[in-house]
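Down below is the structure, laid out as structure tokens.
Quick note: numbers below take in every heavy atom, side chains included, and nothing from hydrogens, waters or symmetry partners.
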Amino acid sequence: MSKINVLSPEVAQLIAAGEVVERPGSAVKEMVENAIDAGATAVTVEIRNGGNTFVRISDNGCGISREDCPAAFMPHATSKISCGEDLYSISTLGFRGEALASIAAVAKVEMLTKTADEETGTRIVIHGGEIIDIDDAGCPTGTVITVRDFFFNTPARRKFLKKDMTEAANIGQIMDRLALSHPEISFTLRRENGDALYTPGDGKLMSAVSAVLGRETASGMEEVDVSAGSVRVSGCICRPVNARPNRNMQIFFLNGRFVRSKTFAAALEQAYKNSIAAGKFPACVLNVSAPFDFADVNVHPAKLEVRFADEQMMFRAVYHAVKQTLESPKSPAQAVIDGSVAARPGNFEDDRQHVQGRLNTGPVVRGVPAAAVPFPKSVMPDVDISAADGVFARVKRESREVDSSEHCAPPAKGTVQEMRAPLNYRSDSVEKPHGEDAGLSAPYTPGNERTPEERAETVEDSGAAAETSPEEENRAEDIAPYKYIGEAFDTYIIAQRGDSLFFVDKHALHERILYDELKSNIKGFSQPLLTPLPVTLTKEEYAAVLDNAETLSAAGFDVDDFGPGTVLVRAMPMYYETADVESSITEIAGKLVNSPECDPADRVEWIFRSVACRGAIKAGAVSSPEELMRLLGKIDSVRYCPHGRPVTLELTRRKLEKEFHRQ
């Protein structure tokens with residue numbers, strides 16, 4: 001057995017630094033949190049090469065006195081706590097006293113700082129944890145920290161840093177979260193090509209949301225502010241119609257600190273249950289304010305995980321706040337105008353003029369206020385919070401299941417989906433028909449839908465024509481070797497061949513056909529948009545999309561950079577509807593973020609699957625017999641859809657007769 005050695009302070013410091021400073025973004029987070037704790041009202045972050053070679057953070061906080069500067073870079077040195085009891089009532093973002101020491105241990109650091117009562121400031125330079133210089137300097141009140149060459153003394157760590165764009169996106173996401181949690185502070189993030197973030201610091205959350213997530217996202221959100229007892233839930237949540245294909249825009253804070261909480265996430269999605277479509281997830285920016293002894297944030301060095309003293313209460317707090325906001329009439333059309341405009345006798349014109357007159361005199365418009373009352377049991381029944389992990393796991397499991405079939409869901413009742421290209425299949429063994437019968441049936445438009453009886457008559461007429469016209473019969477068999485019987489539930493094609501009946505999932509079949517054509521790289525399946533479509537993403541999604549622009553191009557998308565957090569879609573697969581583009585890009589971006597180590601070939605595969613699934617005819621859409629017969633013409637080359645679901649179910653005559661006791 002090897003001899004046990006006591007590590008030197010230098011080696012121990014490098015190990016500890018690895019837990020706190022994993023990448024430049026970790027250092028930015030720690031230093032900006034220190035600036036917030038110092039009372040800064042303006043924080044500026046400048047980075048170069050994704051922060052790998054240069055980071056500068058300036059603030060107008062209280063600064064650090066001359067005598068405290070050397071101690072600030074010592075391990076476990078902090079002004080936030082002084083004894084063990086303080087850990088149970090932490091009110092600051094930082095408290096461990098490890099950040100500056102860990103950063104200085106793996107980088108070259110220079111700090112300029114000055115307090116309000118000092119005449120001159122202090123400059124201190126530290127390389128690899130060793131103080132190189134400390135002297136007087138002229139500077140304004142506050143602190144400026146410059147960090148260069150991360151991991152210069154640990155090359156093994158340096159080689160694991162990501163691309164500059166990826167690291168910059170990580171810093172951008174950290175700054176976004178800090179800006180959303182402190183709208184009263186003005187944050188600026190600068191890169192080589194200009195400002196990547198600027199918030200006004202006016203104390204209004206929606207101003208910060210608009211600056212960080214974009215105006216379009218902010219316009220689709222409702223503000224939340226519900227209190228009950230000592231717990232308050234504030235922020236904003238998206239309207240159900242603005243739900244996203246992933247959870248990347250679910251942002252939770254506990255007393256202004258960004259946290260990852262299964263309890264909060266499960267409560268949010270439980271509140272949206274039956275309000276959004278399967279496979280969609282709500283977006284939110286929620287801050288839960290609670291007494292500091294309600295939660296333990298001293299769980300992990302990154303301070304992202306928390307434990308609650310009463311998880312049932314925290315679950316119910318978020319659930320009730322979100323549910324109450326969703327059910328409250330807050331749109332202008334539903335607002336109460338001065339409380340006195342009600343149903344009045346008289347005609348509509350009189351009422352309109354009366355209301356208009358009230359509006360012209362400056363009425364007070366107020367929505368239904370959120371009552372600050374304890375959470376009623378009738379609104380939210382007791383939930384065993386020990387099952388919160390199970391709820392969250394179930395939601396994740398459902399999302400994975402939906403991921404393979406979310407686009408297979410039937411459209412709204414009464415809608416009709418036009419079957420788009422490429423349904424003019426090319427085949428050497430298929431004779432191309434001529435005349436009016438050569439193409440697909442005319443696209444449907446609302447108002448010309450056929451009733452089931454009319455569709456049945458069409459099938460009967462086509463059958464009669466086949467019996468009386470051998471030429472037509474031969475042509476139909478060339479198109480579809482199966483005998484077309486009909487369609488069940490606007491989803492399953494029924495066909496006969498020999499002594500077997502076949503039930504074919506039309507969506508799965510069409511999806512597989514499109515997928516195979518994408519893989520074979522058929523030219524001309526991408527079409528430019530008349531008006532390019534901007535898509536707002538999180539910073540990590542934005543970087544992932546730009547890093548994989550060539551992969552998206554192979555799938556028919558032409559995507560350009562349109563500023564921090566936004567990409568511009570200039571072209572899309574030709575069988576897409578424009579309304580699907582934003583949702584599809586967001587879904588693909590989420591997968592790229594959540595599967596960063598995925599093989600590039602695998603990325604292309606599941607992008608093709610997503611594109612094919614969205615482009616395929618949907619289950620429940622009305623289709624003409626001609627369209628379905630053309631689909632049947634490809635059935636012999638298809639067994640499974642790209643997600644592995646079977647395309648065809650066979651029912652033999654023998655089995656059918658056995659069920660009817662004919663054997």
Exercise: do Glu311 and Thr263 side chains pair donor with acceptor under 3.5 Å: yes
Positive for side chain to side chain contact (heavy atoms under 4.5 Å, CB included) with Leu197, one of Ile171, Thr188, Val45, Asp176: Asp176
Sidechain-backbone polar pair: Lys114 side chain, Glu118 backbone, donor-acceptor under 3.5 Å: yes
Crowding at CD, Glu184 (>12 non-hydrogen neighbours, <6.0 Å): yes
Residue that, paired with Leu180, satisfies side chain to side chain contact (heavy atoms under 4.5 Å, CB included) out of Leu286, Asn287, Val209: Val209
Short side-chain to backbone donor-acceptor contact, Ser210 and Ser207, under 3.5 Å: no
Side-chain heavy atoms of Asn34 within contact of Thr143, under 4.5 Å: no
Any donor-acceptor N or O pair under 3.5 Å, side chains Arg244, Asn246: yes
Heavy-atom side-chain contact between Thr199 and Pro183 under 4.5 Å: no
Pairwise side-chain contact, Pro282 with Gln250, heavy-atom cut-off 4.5 Å (strictly under): yes
Under 3.5 Å donor-acceptor, Ser553 side chain and Ala549 backbone: no
Cation-aromatic face contact Arg158/Phe151, 6.0 Å, 45 degrees: no
Leu254 backbone acceptor or donor facing Ser289 side chain under 3.5 Å: no
Donor on one side chain, acceptor on other, Asn248 and Glu541, under 3.5 Å: yes
Heavy atoms from other residues, nucleotides or ligands near CZ of Arg66 exceed 12 (cutoff 6.0 Å): yes
Full working for side chain to side chain contact (heavy atoms under 4.5 Å, CB included) between Tyr272 and Lys280: CA-CA 10 Å; Tyr272 272 88; Lys280 297 290 186 179; over 6 Å; no
Qualifying residue for side chain to side chain contact (heavy atoms under 4.5 Å, CB included) with Val569, from Asp560, Asp558, Leu552, Leu529: Leu529
Close side-chain approach of Pro70 to Ile134, heavy-atom, < 4.5 Å: yes
Whether Glu167 side chain and Lys162 backbone form a donor-acceptor pair below 3.5 Å: yes
Atom CD of Glu192: over 12 foreign heavy atoms under 6.0 Å: yes
Over 12 non-hydrogen atoms of neighbours within 6.0 angstrom of CD in Glu550: no
Asn60 vs Thr41, side chain to side chain donor-acceptor pair (under 3.5 Å): CA-CA, chis, key distance, verdict: CA-CA 7 Å; Asn60 61 351; Thr41 59; 2.9 Å; yes
Flag side-chain contact, heavy atom, 4.5 Å: Thr166 against Arg23: yes
Ring geometry between Phe308 and Phe264 (parallel below 30°, tilted from 30 to 60°, perpendicular above 60°): tilted
Exceeds 12 heavy-atom contacts within 6.0 angstrom, atom CZ of Phe562: no
